[in-house]
Amino acid sequence: MIRSAVRGIGRALPERAMSNAEFETIVETSDEWIVQRTGIRQRYIANENETTASLGEAAARNALDSAGLTPADIDLIVLATSTPNNTFPATAVEIQHRLGMHHGAAFDVQAVCTGFIYAITTADLYIRGGMARRVLVIGAETFSRILDWTDRTTCVLFGDGAGAVVLEAVEGVGLTSDTGILAAKLRSDGDHREKLYVDGGPSSTQTVGHLRMQGREVFKHAVGMITDVIEDSFSVAGITSDQIDWFVPHQANRRIIDASARKLGIPGDKVVMTVDRHGNTSAASVPLALSVAVEDGRIKSGDLILLEAMGGGFTWGAVLLRW
Ligand code: UT7
């Protein structure tokens, strides 16, 4: 059977890191509150020349380099983003142009913080369905552009960045020892759409709008939703949590990550945590964290990896893959 394996990975961050201390001069907050409630110490903020497309392109080029491939080898680009350069065309098409690609296809996927999980699951289906052999899957965001910089309950939480993987068709035998994606589960429930949303859009207000979040409400649902969808993915794959080598969760809040890992019985030394350095980068957070753990040598060939995310919609999902 065909499996989708990760052949290359890359990331890109804006030049400027912004510390918690800098927020103390903008809104009524403190480094102590931010660290204690979220685990965030700094995040990266795009300058006027850095966009979702430019960060996505840079991450994509790094992923292609690490795979030893060029844009000519790619059949499809799937970009997860909620902060596109323009309402249309899809920012994936802008990245396709920047990569000098005139073949294949490119489109955006919009599932907010769960975007990368939706995008890699979509790419996996294209590969297993035989419509693509190699897919560039990118998560790229510039959430700084949709933040209300006077709202301390949201502006301290988010950052900008991009991560990308090259997924490639490989032969598997249908066992959990196969390399590549072993299981994926996606969920959404629009009843929760007003707990985390942007108060603008082309068809409603004709403005871009700002991010609004009832943080405590999101927090209340997060751990249960995350662990439920992960357990669904375990039962699809026939895997138990003690078999996981690395848990690479969405990086929104250290307390949510710790509580989810505890509930699943995954020890802290198997959890990849980058929320301290990156803040919440929405659809970029999982591939950014993955790329850090691959680069520093924690994730090795053959490791069983659990990816997870939850965000606006609500959307949530999990992917199990063997590196
Ligand atoms: O990625 C998509 C998914 N998003 C998430 O997963 C976010 C989920 N939510 C969270 O991570 C947390 O709810 C937050 C980090 C957003 C907030 O933490 P919390 O422990 O739930 O705090 P809270 O909202 O209950 O607020 C506690 C207090 C409030 O003051 P009062 O009402 O107790 O007087 C807030 O006004 O903290 C206050 N507060 C702040 N204080 C200093 C809120 N933001 C700040 C701030 N600095 N930046």
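Note that ligands are numbered from 1 as they come in the structure, with each ligand's atoms numbered from 1 the same way. Along the sequence shown, residues are numbered consecutively beginning with 1.
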Would you check if there is a donor-acceptor pair between the side chains of [Y] and [X] at a distance under 3.5 Å?
X	Y	result
Thr142	Asp160	no
Thr38	Asn253	no
Glu141	Thr83	yes

Flag [atom] as yes if some protein heavy-atom distance to it falls below 4.0 Å, otherwise no.
atom	result
atom 23 (P) of ligand 1	yes
atom 31 (P) of ligand 1	no
atom 38 (C) of ligand 1	yes

Exercise. Would you check, one step at a time, whether the test ring-ring contact (aromatic ring centres under 6.0 Å, His included) holds for Tyr118 with Trp316?
Key: CA-CA 9 Å; Tyr118 271 60; Trp316 64 109; 9.5 Å; no
List the closest protein heavy-atom neighbour of [atom]: residue, atom name, distance to the nearest 0.1 Å.
atom	value
atom 12 (C) of ligand 1	Phe219 CD1, 3.7 Å
atom 18 (O) of ligand 1	Arg255 NH1, 3.8 Å
atom 47 (N) of ligand 1	Thr29 OG1, 2.6 Å
atom 48 (N) of ligand 1	Arg152 O, 2.9 Å
atom 2 (C) of ligand 1	Cys113 SG, 3.3 Å
atom 33 (O) of ligand 1	Arg216 NH2, 4.8 Å
atom 43 (C) of ligand 1	Trp33 CZ2, 3.4 Å
atom 14 (C) of ligand 1	Asn253 ND2, 4.4 Å

Self-check item: Min N/O separation Gly215 to ligand 1 under 3.5 Å
Solution: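 Right, the criterion is met.
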Quiz item: Does any N or O atom in Asn280 lie less than 3.5 angstrom from one in ligand 1, N or O only?
Solution: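 Yes, Asn280 has an N/O under 3.5 Å of an N/O on ligand 1.
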Practice problem: Without swapping roles, check the side chain of Gln243 against the backbone of Thr240 for a donor-acceptor pair under 3.5 Å. | Solution: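 Checking the backbone N and O of Thr240 against the side chain of Gln243, a donor-acceptor pair under 3.5 Å is found.
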Quiz item: Under a heavy-atom criterion of less than 4.0 Å, does Thr154 contact ligand 1?
Solution: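 No, Thr154 has no heavy atoms under 4.0 Å from ligand 1.
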Salt bridge present between [X] and [Y] (N-O < 4.0 angstrom):
X	Y	value
Arg133	Asp75	no
Arg128	Asp124	yes
Glu22	Arg16	yes

Exercise. Examine the proximity of ligand 1 to Ile256 and report which part, side chain or backbone, both or neither, has a heavy atom under 4.0 Å away.
Key: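 The side chain, only.
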Quiz item: Looking only at heavy atoms, is any part of Val27 under 4.0 Å from ligand 1, and if so is it the side chain, the backbone, or both, or is it neither?
Solution: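 It is neither; nothing of Val27 touches ligand 1.
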Exercise. Carefully, step by step, assess Asp303 and Trp323 under the rule side chain to side chain donor-acceptor pair (under 3.5 Å).
Key: CA-CA 5 Å; Asp303 283 352; Trp323 203 255; over 6 Å; no
Quiz prompt | Mutual orientation of the aromatic rings belonging to His192 and Phe314 [parallel < 30°, tilted 30-60°, perpendicular > 60°] | solution =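 The rings of His192 and Phe314 lie parallel, inter-plane angle below 30°.
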